[in-house]
Protein chains: 2
Amino acid sequence: MTGSEIDTEFQNDIGEFWQTTHSQIYPELKRMVADDWISFETTEQDKKKKWYYLQPLGESELQQWLKTPLTANTDEEFPLKLFFIQYRDDALLTNLLQQELALHQEKLIHLKQRLTTVFADEATKDNNYGHHLILKRAIERETNNLSWLTKTLARLN
Amino acid sequence: MTGSEIDTEFQNDIGEFWQTTHSQIYPELKRMVADDWISFETTEQDKKKKWYYLQPLGESELQQWLKTPLTANTDEEFPLKLFFIQYRDDALLTNLLQQELALHQEKLIHLKQRLTTVFADEATKDNNYGHHLILKRAIERETNNLSWLTKTLARLN
DNA sequence: ACGCCCATGTAAGGGGTTACATGATTGC
DNA sequence: GCAATCATGTAACCCCTTACATGGGCGT
């Protein structure tokens, strides 16, 4: 792809869950060329365009990263890794979903714990109603997330 | 509160949806003192502690910000504003929930639109399975979010 | 041929993170 | 009294955003 095409991807497909602009893309492409992750070529017609190609080292870096376990505290890592999985039968897919499931099970337990400790009595809730709503919403979201993950995992098998 | 107490809040209650560290807190407190949003005093015992107090200008800045309509593209603004609403009958609460509802209704429509345009045929889905899952998950999440918002709004009235 | 947009690039500024640093207080 | 940790503060670095900048292609 060209840098411009990548930029377009970030305004459409990828942009749904990861954002950047050409000001980051071009220097980053340059960096990756220097690191031998990718290479580029130009053609006779449209001499300004640079066509970038993934190099073996870049491919292995990508696979390495995909295999690295998900870290907590970054919700964006899961969709980003998921994006690079093309086929339904990729072993990494089940793996990723299970990792995400485990992380969010922990998260839900933590949130429920917070709810009982922070809002032990009714008065605390009444005097911090917004805060209470945030927690309730987070718990509902995680519950729904877990149900989606479980459902999706079941469908794969 | 003291800077240290604020730091602790960011590791507990606030930290659930907004993060920072003392390295940002102390300079920011300094800035707010300079802008007359807050003031501080020290006591005889524990001379190192600085007790900060909200000033009228800071209070009005806060209220001003709370009244400012939610902007799209920042999921963190809603919980943060919600946090500052203490009581169930605050008129801003219904207002906030309605704004968030409107924003996420738009978002859901957009996501459903994306799903049909990007994955028009079965082959595209089969060859970009991860990407497809991301979109399905986002749609489910937004659907759940809308249902929570609607439910919560109904309960308030 | 000329104006507009495409494709690429650079620069400046802001904010956040990590690491470094120091004096006061508390506990044994 | 001395060590640990509390409370405050600063510095360096990285990344992201916004703005500035330029030459090549395309349409009329």
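Just so it is clear: chains get the letters A, B, ... in the order the sequence lines come, proteins before strands, and each one is counted from 1.
- Rounding to whole angstrom units, OH of residue B:Y26 and P of C:dT18 are separated by 17 Å.
- Residues from residues 38-50 of chain B that place a heavy atom under 4.0 Å from any atom of DNA chain D, listed by number: B:K48, B:K49, B:K50.
- Ion pair A:K151/B:E140 flagged as a salt bridge, since at least one NZ, NE, NH1 or NH2 atom sits closer than 4.0 Å to an Asp/Glu carboxylate oxygen.
- Checking C:dA7, D:dA7, D:dT10 against the side-chain heavy atoms of B:K30 singles out D:dT10 as nearest.
- Using a 4.5 Å cut-off on side-chain heavy atoms (C-beta onward), A:S60 and A:W65 make no contact.
- Annotation: cation-pi pair A:K125/A:F119 absent, no NZ/CZ under 6.0 Å from the ring centroid and within 45° of its normal.
- The NE2 atom of B:H22 sits 12 Å away from the P atom of C:dA19 (whole-angstrom rounding).
- On a pure distance criterion of 3.5 Å, a polar donor-acceptor pair joins the side chain of B:S23 and the base of C:dT18.
- To the nearest angstrom, P of D:dA7 lies 14 Å from CD of B:E9.
- Backbone-only contact: B:T2 has heavy atoms under 4.0 Å from sugar-phosphate atoms and none from a base.
- The interatomic distance linking A:E28 (CD) with C:dT8 (C1') rounds to 16 Å, in whole Å.
- Between B:I25 atom CD1 and B:M1 atom CE the span is 9.0 Å, to the nearest 0.5 Å.
- Straight-line distance from the CH2 atom of A:W51 to the C1' atom of C:dC6: 13 Å, rounded to whole Å.
- Remark: B:Y129 pairs with no residue by the ring-ring contact (aromatic ring centres under 6.0 Å, His included) rule, at least two apart or across chains.
- Mapping B:L29 and A:T20 onto DNA chain D via the closest heavy atom, the residue that lands nearer the 5' end is B:L29.
- Rounded to whole Å, atom P of C:dT17 lies 11 Å from atom CD1 of B:I25.
- Applying side-chain hydrogen bond (donor to acceptor under 3.5 Å, both in side chains) to A:E142 and the options A:Q105, A:H104, A:R137, A:K112 leaves one that passes, A:H104.
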